[in-house]
Amino acid sequence: MDLAEFYEKVYDTVRLVPQGKVTSYGHIAALVGMPRHSRHVGAALKILHEDSDVPWQRIVSSTGVISSRGPGTTGAQRQAEALEAEGVHVETTRMGQFKVSFATNGWFPRTLQEAQQDAQ
DNA sequence: CTGTTGACTGTTC
DNA sequence: GGAACAGCCAACA
(Lines give C-alpha, C1' and ligand atoms only; values in the text may rest on other atoms or scores of the structure.)
Protein backbone atom coordinates (compact mmCIF):
# COMPACT_ATOMS: atom_id res chain seq x y z
CA MET A 1 0.00 0.00 0.00
CA ASP A 2 1.46 3.36 -0.95
CA LEU A 3 0.80 6.68 0.68
CA ALA A 4 -1.97 7.75 -1.70
CA GLU A 5 -3.87 4.53 -1.04
CA PHE A 6 -3.42 4.94 2.69
CA TYR A 7 -4.82 8.48 2.53
CA GLU A 8 -7.80 7.35 0.43
CA LYS A 9 -8.62 4.60 2.91
CA VAL A 10 -8.35 7.06 5.76
CA TYR A 11 -10.76 9.45 4.02
CA ASP A 12 -13.22 6.66 3.20
CA THR A 13 -13.16 5.48 6.80
CA VAL A 14 -13.59 8.95 8.29
CA ARG A 15 -16.62 9.42 6.04
CA LEU A 16 -18.23 6.46 7.84
CA VAL A 17 -18.18 8.19 11.22
CA PRO A 18 -21.82 9.06 12.00
CA GLN A 19 -22.87 12.62 12.72
CA GLY A 20 -22.77 13.29 16.43
CA LYS A 21 -20.06 10.68 17.00
CA VAL A 22 -16.31 10.97 17.47
CA THR A 23 -13.38 8.56 17.24
CA SER A 24 -9.60 8.75 17.47
CA TYR A 25 -6.69 8.94 15.04
CA GLY A 26 -5.37 5.65 16.29
CA HIS A 27 -8.70 3.92 15.76
CA ILE A 28 -8.94 5.12 12.16
CA ALA A 29 -5.42 3.82 11.58
CA ALA A 30 -6.38 0.46 13.09
CA LEU A 31 -9.52 0.22 10.93
CA VAL A 32 -7.55 0.70 7.72
CA GLY A 33 -5.13 -1.99 8.84
CA MET A 34 -2.15 0.15 9.87
CA PRO A 35 -2.39 0.52 13.65
CA ARG A 36 1.00 2.19 14.04
CA HIS A 37 0.27 5.02 11.65
CA SER A 38 -1.87 7.20 13.86
CA ARG A 39 0.30 10.26 13.26
CA HIS A 40 -0.14 9.89 9.53
CA VAL A 41 -3.90 9.88 9.91
CA GLY A 42 -3.43 13.36 11.33
CA ALA A 43 -1.22 14.26 8.38
CA ALA A 44 -3.88 13.02 5.96
CA LEU A 45 -6.64 15.11 7.56
CA LYS A 46 -4.41 18.15 7.74
CA ILE A 47 -4.14 18.53 3.98
CA LEU A 48 -7.89 18.34 3.29
CA HIS A 49 -9.61 21.22 1.49
CA GLU A 50 -12.21 23.13 3.46
CA ASP A 51 -14.97 22.11 1.05
CA SER A 52 -14.09 18.45 1.41
CA ASP A 53 -16.87 16.03 2.32
CA VAL A 54 -14.65 14.36 4.93
CA PRO A 55 -15.91 15.04 8.49
CA TRP A 56 -12.43 15.63 9.93
CA GLN A 57 -13.85 17.31 13.02
CA ARG A 58 -15.06 13.93 14.30
CA ILE A 59 -11.47 12.73 14.82
CA VAL A 60 -9.75 13.59 18.10
CA SER A 61 -6.86 12.13 20.11
CA SER A 62 -7.14 8.89 22.09
CA THR A 63 -7.85 10.86 25.27
CA GLY A 64 -10.74 12.77 23.73
CA VAL A 65 -8.83 16.03 23.72
CA ILE A 66 -8.77 18.10 20.54
CA SER A 67 -5.12 18.62 19.60
CA SER A 68 -4.17 22.27 19.72
CA ARG A 69 -1.87 22.20 16.69
CA GLY A 70 0.33 24.80 18.28
CA PRO A 71 -0.25 28.01 20.21
CA GLY A 72 -1.81 30.87 18.31
CA THR A 73 -3.80 28.62 15.98
CA THR A 74 -7.59 28.49 15.88
CA GLY A 75 -7.95 25.01 14.43
CA ALA A 76 -8.96 23.38 17.70
CA GLN A 77 -11.52 26.13 18.35
CA ARG A 78 -13.10 25.66 14.91
CA GLN A 79 -13.21 21.90 15.42
CA ALA A 80 -14.92 22.30 18.79
CA GLU A 81 -17.52 24.63 17.25
CA ALA A 82 -18.15 22.25 14.36
CA LEU A 83 -18.77 19.41 16.81
CA GLU A 84 -21.12 21.46 18.97
CA ALA A 85 -23.01 22.39 15.81
CA GLU A 86 -23.79 18.73 15.14
CA GLY A 87 -24.81 17.92 18.68
CA VAL A 88 -21.58 16.77 20.36
CA HIS A 89 -21.00 18.28 23.77
CA VAL A 90 -17.49 19.71 24.00
CA GLU A 91 -16.21 20.68 27.42
CA THR A 92 -13.33 23.01 28.14
CA THR A 93 -10.73 21.79 30.60
CA ARG A 94 -8.98 23.86 33.19
CA MET A 95 -5.99 24.15 30.89
CA GLY A 96 -8.11 25.54 28.07
CA GLN A 97 -8.23 22.33 26.08
CA PHE A 98 -11.35 21.15 24.30
CA LYS A 99 -12.50 17.68 25.26
CA VAL A 100 -15.28 15.31 24.19
CA SER A 101 -16.69 12.34 26.11
CA PHE A 102 -16.11 8.98 24.46
CA ALA A 103 -18.59 7.50 26.96
CA THR A 104 -21.47 9.38 25.34
CA ASN A 105 -20.14 10.21 21.85
CA GLY A 106 -17.47 7.61 21.15
CA TRP A 107 -17.62 5.45 18.00
CA PHE A 108 -15.22 2.50 18.02
CA PRO A 109 -16.30 -0.38 15.76
CA ARG A 110 -13.87 -3.30 15.89
CA THR A 111 -13.58 -3.80 12.13
CA LEU A 112 -14.13 -1.93 8.89
CA GLN A 113 -17.12 -4.17 8.19
CA GLU A 114 -18.80 -3.19 11.46
CA ALA A 115 -18.01 0.42 10.68
CA GLN A 116 -19.74 0.18 7.31
CA GLN A 117 -22.81 -1.42 8.88
CA ASP A 118 -22.97 1.23 11.58
CA ALA A 119 -22.71 3.99 9.03
CA GLN A 120 -25.98 3.01 7.36
C1' DC B 1 22.81 8.59 5.42
C1' DT B 2 21.49 11.08 9.75
C1' DG B 3 18.84 13.82 12.37
C1' DT B 4 14.42 16.29 13.33
C1' DT B 5 9.54 16.73 13.17
C1' DG B 6 4.79 15.87 13.93
C1' DA B 7 -3.76 17.19 13.90
C1' DC B 8 -0.28 10.24 17.87
C1' DT B 9 -0.38 6.26 21.58
C1' DG B 10 0.62 3.24 25.46
C1' DT B 11 2.94 2.59 29.91
C1' DT B 12 4.52 4.12 34.17
C1' DC B 13 4.89 6.87 37.97
C1' DG C 1 -5.80 12.88 35.98
C1' DG C 2 -1.49 14.61 34.26
C1' DA C 3 3.53 14.60 33.31
C1' DA C 4 7.53 12.09 31.48
C1' DC C 5 9.14 8.84 28.57
C1' DA C 6 9.58 5.58 24.82
C1' DG C 7 7.84 3.72 20.57
C1' DC C 8 6.30 4.81 16.10
C1' DC C 9 7.09 5.96 10.76
C1' DA C 10 6.96 8.89 6.48
C1' DA C 11 8.59 13.36 5.01
C1' DC C 12 12.10 16.54 4.74
C1' DA C 13 16.43 19.28 5.35
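None of the values given here were measured: they were computed from a predicted structure. All chains are named by letter (A, B, ...) in the order of the sequence lines, taking the proteins before the strands, and each is independently numbered beginning at 1.
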A.B. asks: Under a 3.5 Å distance rule, please check whether A:T13 uses its side chain to pair with a backbone N or O of A:K9 as donor and acceptor.
C.D. replies: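 A pair under 3.5 Å: yes.
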A.B. asks: Between B:dA7 atom P and A:K46 atom NZ, what is the distance in whole Å?
C.D. replies: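 Value for this atom pair: 4 Å.
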A.B. asks: Measure distances between side-chain N and O atoms of A:H37 and base N and O atoms of C:dC9, and say whether any donor-acceptor pair falls under 3.5 Å.
C.D. replies: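 Not at all, since no donor on one side and acceptor on the other fall under 3.5 Å apart.
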A.B. asks: Please give, in whole Å, the distance from B:dA7 C1' to A:L48 CG?
C.D. replies: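 So the two atoms are 11 Å apart, to the nearest Å.
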A.B. asks: For atom P, what is the distance between B:dA7 and C:dA13, given to the nearest Å?
C.D. replies: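 Per the computed distance, 16 Å lies between those P atoms.
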A.B. asks: So what does A:L3 touch, heavy atoms closer than 4.0 Å: a base, only the sugar-phosphate, or nothing?
C.D. replies: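 It contacts sugar-phosphate atoms only.
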A.B. asks: From OH of A:Y7 over to P of C:dA11, roughly how many Å is that when rounded to an integer?
C.D. replies: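 Distance check: A:Y7 OH to C:dA11 P gives 7 Å.
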A.B. asks: Whole angstrom is fine here: how far is it from NE2 in A:H40 over to C1' in C:dC8?
C.D. replies: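 It is 8 Å, rounded to the nearest whole Å.
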A.B. asks: Whole-Å distance between C:dG2 C1' and A:K99 NZ?
C.D. replies: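 Whole-Å distance recorded here is 10 Å.
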A.B. asks: Using a heavy-atom cut-off of 4.0 Å across all strands, would you classify A:R69 as base, sugar-phosphate, or nothing?
C.D. replies: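 Base contact - A:R69 has a heavy atom under 4.0 Å of at least one base atom.
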A.B. asks: Under 4.0 Å between any heavy atoms, over every strand shown, what does A:S24 touch: base, sugar-phosphate, or nothing? Just pick one.
C.D. replies: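 Sugar-phosphate, no base atom in range.
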A.B. asks: Is the shortest side-chain N/O distance from A:R39 to OP1 or OP2 of C:dC8 below 4.0 Å?
C.D. replies: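 So the side-chain polar atoms of A:R39 never come under 4.0 Å of the phosphate oxygens OP1 or OP2 of C:dC8.
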A.B. asks: Pairing of DNA chain B as dot-bracket, 5' to 3': ( ) intra-strand, [ ] crossing, | other strand, . unpaired, with Watson-Crick or G-U pairs under 3.5 Å?
C.D. replies: .|||||.||||||
A.B. asks: In whole Å, what is the span from the CZ atom of A:F6 to the P atom of C:dA10?
C.D. replies: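 Roughly 9 Å, once rounded to whole Å.
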A.B. asks: Looking only at the side chains, is there a donor atom on one of A:Q113 and A:Q117 sitting less than 3.5 Å from an acceptor on the other?
C.D. replies: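 No.
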A.B. asks: Less than 3.5 Å apart, any donor N or O on the side chain of A:R69 or A:Q79 sitting next to an acceptor on the other?
C.D. replies: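 Side-chain D/A pair, A:R69 to A:Q79: present.
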A.B. asks: Atom CE of A:M34 and atom C1' of C:dG7: how far apart are they, to the nearest Å?
C.D. replies: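 From A:M34 CE to C:dG7 C1': 16 Å.
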A.B. asks: Please tell me which of the listed nucleotides, B:dA7, C:dC9, C:dG1, lies nearest to the side chain of A:R36?
C.D. replies: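 Selected nucleotide (nearest to the side chain): C:dC9.
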A.B. asks: Thinking salt bridges, do A:D12 and A:R15 make one under a 4.0 Å N-O criterion?
C.D. replies: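 So A:D12 pairs with A:R15 through a salt bridge.
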A.B. asks: Taking A:S61's backbone N and O only, do any of them form a donor-acceptor pair with A:S24's side chain (distance below 3.5 Å, no angle check)?
C.D. replies: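 Not a single qualifying donor-acceptor pair exists.
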A.B. asks: If we only count heavy atoms from C-beta on, is the A:H40 to A:F6 side-chain gap below 4.5 Å?
C.D. replies: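 The answer is yes; the side chains approach within 4.5 Å.
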A.B. asks: Say whether A:Q57 and A:E81, considering side chains only, have a donor N or O and an acceptor N or O under 3.5 Å apart.
C.D. replies: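 Per modelled atom types, A:Q57 and A:E81 side chains form no pair under 3.5 Å.
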A.B. asks: Just call it for A:S67: base, sugar-phosphate, or nothing, with non-hydrogen atoms closer than 4.0 Å on any strand.
C.D. replies: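 Contact class for A:S67: sugar-phosphate only.
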A.B. asks: What is the separation between atom CD on A:E91 and atom P on C:dG1, rounded to the nearest whole Å?
C.D. replies: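 Answer to the nearest Å: 9 Å.
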